[in-house]
Engineer: 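Structure below; questions to follow.
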Amino acid sequence: MLADPDGFPPSDDPFEFPPRGDPLEFPPRSSRGPSTLLADLTKPQLDAVTTTEGPVLVLAGAGSGKTRVITRRAAHLAATVTQPWHVLAITFTNKAAEEMAQRIDGLGVGAGMTVCTYHSLCVRILRRHHAAAGLDPRFTIMDQSDRRKLVKEAMDRCELSTANFSPASIDAAISLAKNMMQNAEAFAEQADRFDNKAAARVYAAYEQLLAEQNALDFDDLLMRTAILLDGNAEVRAQLSDRYRYVLIDEYQDTNVAQYRIARLLTESHRNLFVTGDPDQSIYGWRGADIGNILSFEKDYPDAKVVRLEQNYRSTKRILSAADALVSANVLRKEKSLWTENDAGDPVRVVACEDNRDEAETVAREIAERIAAGRSPSDFAVFYRINALSRSFEEAMMNAGVPYRIARGLAFYDRKEIKDVLAYLRVMVNPRDMVSLERIINTPTRGIGDTTIEKLKAHAAHNGRTLFDAVRDRGGVRLPKRSAEAVDAFAELMEGLSRHADSRPRTALETTLSLSGLNASLLQQADGTNEPLENVNELLNAAAEYQRDHPEATLLDWLSHTSLLGDSDVVDGPAGAVMLMTLHAAKGLEFPSVYIVGVEKGLLPFERMGEHPVDVEEERRLFFVGITRTMRELTLTLTRRRMRQGAFLPAMRSPFLDELPGDELEWTDRGSGGARRPYAPVGETPDDFDCWGVGSLVRHPDFGVGQIVGLRRGARQSTVEVEFPDRGVRSYVVEFSDLERVDFDEVD
DNA sequence: CTACCGGATTTTTTT
DNA sequence: AATCCGGTAG
């Protein structure tokens with residue numbers, strides 16, 4: 001059986017050792033001998049694979065065959081050094097875990113090995129050792145949007161107005177604290193400024209809310225596991241005996257909690273193998289500490305260090321562009337990537353009129369190449385933010401290009417999906433108040449806000465849960481209609497809870513029909529009933545899951561769905577053009593890559609008035625995108641871009657100026673014939689050739705005018721335009737219908 | 001209690 | 001642009 005990236009094969013309880021029966025009965029050893037596993041490796045790769053004992057650090061440049069090293073090493077360990085179930089490989093994304101498991105399985109030795117993400121490992125550990133961790137094993141895992149709701153509620157409880165503090169920023173502060181293993185108390189102690197102190201109060205209230213409903217958020221999974229391992233020698237010993245060889249990919253992305261887990265897990269045997277590339281550290285905003293990989297050699301002075309610097313993926317020119325870019329980083333460990341591949345074509349830079357033009361240009365070009373015989377799956381489009389995907393989806397569809405998108409509308413974020421899952425979550429964990437509130441009147445059954453508030457107040461007053469109040473509403477004064485509605489709902493949940501131990505698919509089907517969700521979905525039979533299709537897709541997912549995991553419980557499946565990341569759910573056919581964020585692109589490679597929206601404020605991403613993002617990290621992100629490319633790299637940018645409903649003038653990214661000029665080939669797409677090349681742009685608006693003083697614009701009513709004044713505000717820019725017969729008028733650039741006009745377009 | 005309308009508000013990145 | 005929130009009419 002394949003090493004399971006998400007749940008242990010249920011027939012193979014991970015913590016019972018040996019997993020099943022006599023080890024001799026365990027699936028046959030590798031059909032390929034050790035010699036095959038080690039064949040065709042370069043000297044450094046071979047070192048990394050065969051240094052099986054003690055700490056090993058592999059500094060692996062982009063495209064240097066890192067995945068190959070890890071998979072071979074895992075296979076080698078399982079085949080000749082130890083038993084497969086003693087090998088644990090940890091990745092950051094489900095996608096990476098799945099791919100790694102598959103590749104190891106392809107080598108014929110996957111059986112019994114654990115290949116999973118940090119988060120799913122933690123869920124298993126916490127469920128299994130719930131008593132030691134002080135948890136109820138049926139805990140709910142809160143996703144991003146549930147979590148945001150709870151933060152808001154916590155702010156309410158603290159009587160903190162959302163006018164002065166945004167839930168998003170407080171949420172981020174709490175998350176960062178947790179990733180640094182700082183609990184509410186510790187956070188409060190070091191809070192110096194008034195906003196930190198406010199956040200500290202919310203943190204405490206938020207923790208209270210989580211505890212009340214027996215829920216953990218993503219960060220808790222890591223933090224609690226680290227605390228458990230730290231404080232409980234017995235659990236630690238048990239786990240390190242089970243996992244005698246630990247491999248961690250993308251080590252540059254580990255945060256404090258993850259670092260602690262890795263360290264504690266391997267403390268006794270020190271068989272810790274990590275790979276990573278400091279130049280590809282792009283998760284600092286989530287608490288990842290690049291220092292973890294930089295100081296590995298200090299942590300483990302006896303560590304074997306292997307450098308993989310030969311790139312097998314890209315052309316010389318792409319590599320040189322990537323290298324020039326990342327060399328601009330000051331905080332960097334010098335590294336030289338080289339390749340024996342061809343020089344290849346120059347990197348193309350295409351300046352477009354607006355985002356629509358940009359998307360159509362890319363789609364048209366890809367369509368042409370597919371028509372000329374290229375495979376759609378050769379192509380990928382990367383963007384900094386998901387919001388940019390829309391234009392490209394549209395353009396691809398119009399051009400008849402098959403595409404897949406990582407996180408179109410995140411599947412598990414859709415209302416109908418969240419609704420059904422909320423029922424299941426309440427069935428498993430009745431204390432889950434977020435889910436309960438979600439379903440109590442979905443579909444509408446006559447339980448309004450007033451009634452819910454009364455029930456909540458009653459629950460709070462008696463120190464009971466909301467579910468208790470629903471079940472036994474004695475003492476809550478309600479109008480007859482409402483009372484009946486609540487009773488009916490209580491009865492419904494009573495009936496459903498009997499199915500909490502059903503298999504996932506059965507539970508799902510029962511819930512859909514008994515809850516009335518199915519009926520209400522069927523009712524909206526207008527044309528293509530997308531919600532219904534989505535729910536059917538969910539049924540398929542459940543069926544597939546229980547086929548792959550015959551003994552999985554409803555709880556297991558719910559954990560699985562909570563941990564599925566946005567970029568793991570891919571929409572669209574196989575063999576299609578891939579659309580994804582730069583972050584999601586890490587670890588992949590494509591013959592032809594388009595990185596779009598290479599603009600100031602977008603590629604080094606900035607937000608007005610917020611503390612600036614880490615420019616070096618943004619540069620690394622661009623570096624990651626560039627190094628995904630095997631042969632053809634195209635960068636695109638626009639003159640103006642529609643953002644949040646309004647056109648904004650766009651400027652080129654300063655990163656473009658850091659690329660070696662002689663490796664680039666510029667194209668400027670102008671709608672009106674002759675066009676100056678996209679001008680370099682600096683800080684001030686006057687440098688911007690489209691919206692500078694003196695340039696021409698066209699107004700739908702007043703015709704062509706000349707810009708005579710320009711004011712750049714924090715939130716909006718205003719221009720003063722002089723029209724031949726209307727005098728001077730002011731416009732807010734973002735909201736006006738002004739169009740840029742070239743000098744050569746008018747007489 | 002529900003449905004609807006209009007105003008306000010959107011943190012980028014992911015587990 | 002798209003979603004969410006609050007207020008109001010039915």
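In what follows, every chain begins at residue 1, and chains take the letters A, B, ... in the order their sequences are listed. When reading the values below, keep in mind they use all heavy atoms of this one structure, side chains included, and skip hydrogens, waters and symmetry mates.
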Engineer: Respond yes when some side-chain nitrogen or oxygen of A/Asn179 is under 4.0 Å from OP1 or OP2 of B/dT15, and no when none is.
Structural biologist: no
Engineer: Using the C1' atom as the point on both nucleotides, what is the distance between C/dC5 and B/dT12, in whole Å?
Structural biologist: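 Between the two C1' atoms, the distance is 24 Å.
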Engineer: Nearest whole angstrom, please: distance from the P of B/dT14 to the CG of A/Leu222.
Structural biologist: 17 Å
Engineer: What is the distance, to the nearest angstrom, from the CD1 atom on A/Ile125 to the C1' atom on B/dT15?
Structural biologist: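 After rounding, the gap between these two atoms is 16 Å.
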Engineer: If the cut-off is 4.0 Å, is A/Arg390 near the phosphate of C/dA2, judged by side-chain N/O to OP1 or OP2?
Structural biologist: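 Affirmative; the distance criterion is met.
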Engineer: CG of A/Asp146 versus P of B/dT14: gap in Å, rounded?
Structural biologist: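 In whole Å, B/dT14 P and A/Asp146 CG are 18 Å from each other.
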Engineer: For A/Asp171 and B/dT15, give me the distance from atom CG to atom C1', rounded to whole Å.
Structural biologist: 13 Å
Engineer: Sort out for me which residue in A/Ile282, A/Val326, A/Leu588 forms a side-chain contact (heavy atoms from CB on, under 4.5 Å) with A/Val624.
Structural biologist: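 Output: one option passes, namely A/Ile282.
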Engineer: Verify the distance criterion only: is there a donor paired with an acceptor across the side chains of A/Thr638 and A/Asp354 at less than 3.5 Å?
Structural biologist: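 Looking only at side-chain atoms, A/Asp354 and A/Thr638 do not form any donor-acceptor pair under 3.5 Å.
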Engineer: Do A/Ile290 and A/Glu617 touch side chain to side chain, with heavy atoms closer than 4.5 Å?
Structural biologist: no
Engineer: Which one, C/dA1, B/dT15, B/dT12, comes nearest to the side chain of A/Met642?
Structural biologist: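 For A/Met642, the side-chain atoms sit closest to C/dA1.
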Engineer: Between A/Leu564 (CG) and B/dT14 (P), how many Å, whole number?
Structural biologist: 14 Å
Engineer: For residues A/Ile170 and A/Met155, determine if any side-chain heavy atom of one lies less than 4.5 Å from a side-chain heavy atom of the other.
Structural biologist: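 The answer is yes, as the side chains (C-beta and beyond) meet within the 4.5 Å cut-off.
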Engineer: Map A/His583 and A/Gly446 onto DNA chain B by nearest heavy atom, then report which one ends up closer to the 5' terminus.
Structural biologist: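 Checking each residue's closest nucleotide, the 5'-ward one belongs to A/Gly446.
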Engineer: Is the phosphate of B/dT14 approached by A/Thr581 (side-chain N or O, under 4.0 Å from OP1 or OP2)?
Structural biologist: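 Answer is yes, contact under 4.0 Å.
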Engineer: In this structure, how many angstroms lie between the P atom of B/dT13 and the CD atom of A/Glu618, rounded?
Structural biologist: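 Distance, rounded to whole Å: 12 Å.
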Engineer: Quick check on C/dC5: is either OP1 or OP2 less than 4.0 Å from any side-chain nitrogen or oxygen of A/Lys152?
Structural biologist: yes
Engineer: Nearest-Å distance, CD (A/Glu617) to C1' (B/dT13)?
Structural biologist: 9 Å
Engineer: Does B/dT14 have OP1 or OP2 under 4.0 Å away from a side-chain N or O of A/Asn94?
Structural biologist: no
Engineer: What's the closest nucleotide to the A/Thr444 side chain, out of B/dT14, B/dT13, B/dT2?
Structural biologist: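 The nucleotide sitting nearest to the side chain is B/dT2.
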Engineer: Nearest-nucleotide wise, let me know which of A/Ile385 and A/Ser482 is further upstream toward the 5' end of DNA chain B.
Structural biologist: A/Ser482
Engineer: With a 4.0 Å cut-off on heavy atoms, is A/Asn441 in touch with a base, just the backbone sugar-phosphate, or nothing at all?
Structural biologist: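 Since only primed, P, OP1 and OP2 atoms lie under 4.0 Å of A/Asn441, the category is sugar-phosphate.
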Engineer: With a 4.0 Å limit, can you tell me whether A/Thr93 has a side-chain N or O closer than that to the phosphate oxygens OP1/OP2 of B/dT14?
Structural biologist: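 Looking at the OP1 and OP2 atoms of B/dT14, neither is under 4.0 Å from any side-chain N or O of A/Thr93.
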Engineer: What's the CZ-C1' distance between A/Arg384 and B/dT13, to the nearest Å?
Structural biologist: 5 Å
Engineer: Would you please classify the geometry between the A/Tyr259 ring and the A/Tyr251 ring as parallel, tilted or perpendicular, with 30° and 60° separating the classes?
Structural biologist: tilted
Engineer: If we take the P atom in both B/dT13 and C/dC4, what is their distance in whole Å?
Structural biologist: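 The answer is 16 Å between these two P atoms.
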Engineer: So what does A/Tyr118 touch, heavy atoms closer than 4.0 Å: a base, only the sugar-phosphate, or nothing?
Structural biologist: nothing
Engineer: Kindly say if A/Thr450 contacts the phosphate of B/dC1, meaning a side-chain N or O under 4.0 Å from OP1 or OP2.
Structural biologist: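 It does, given that an N or O in the side chain of A/Thr450 lies less than 4.0 Å from OP1 or OP2 of B/dC1.
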Engineer: Do we see A/Trp285 stacking on the base of B/dT13, given a limit of 5.5 Å between centres and 30° between planes?
Structural biologist: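 One would call A/Trp285 stacked on the B/dT13 base.
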Engineer: Within 45° of the six-membered ring axis of A/Phe590 and under 6.0 Å from that ring's centre, is NZ or CZ of A/Arg628 located there?
Structural biologist: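 Geometry flag: not set, cation outside 6.0 Å or 45°.
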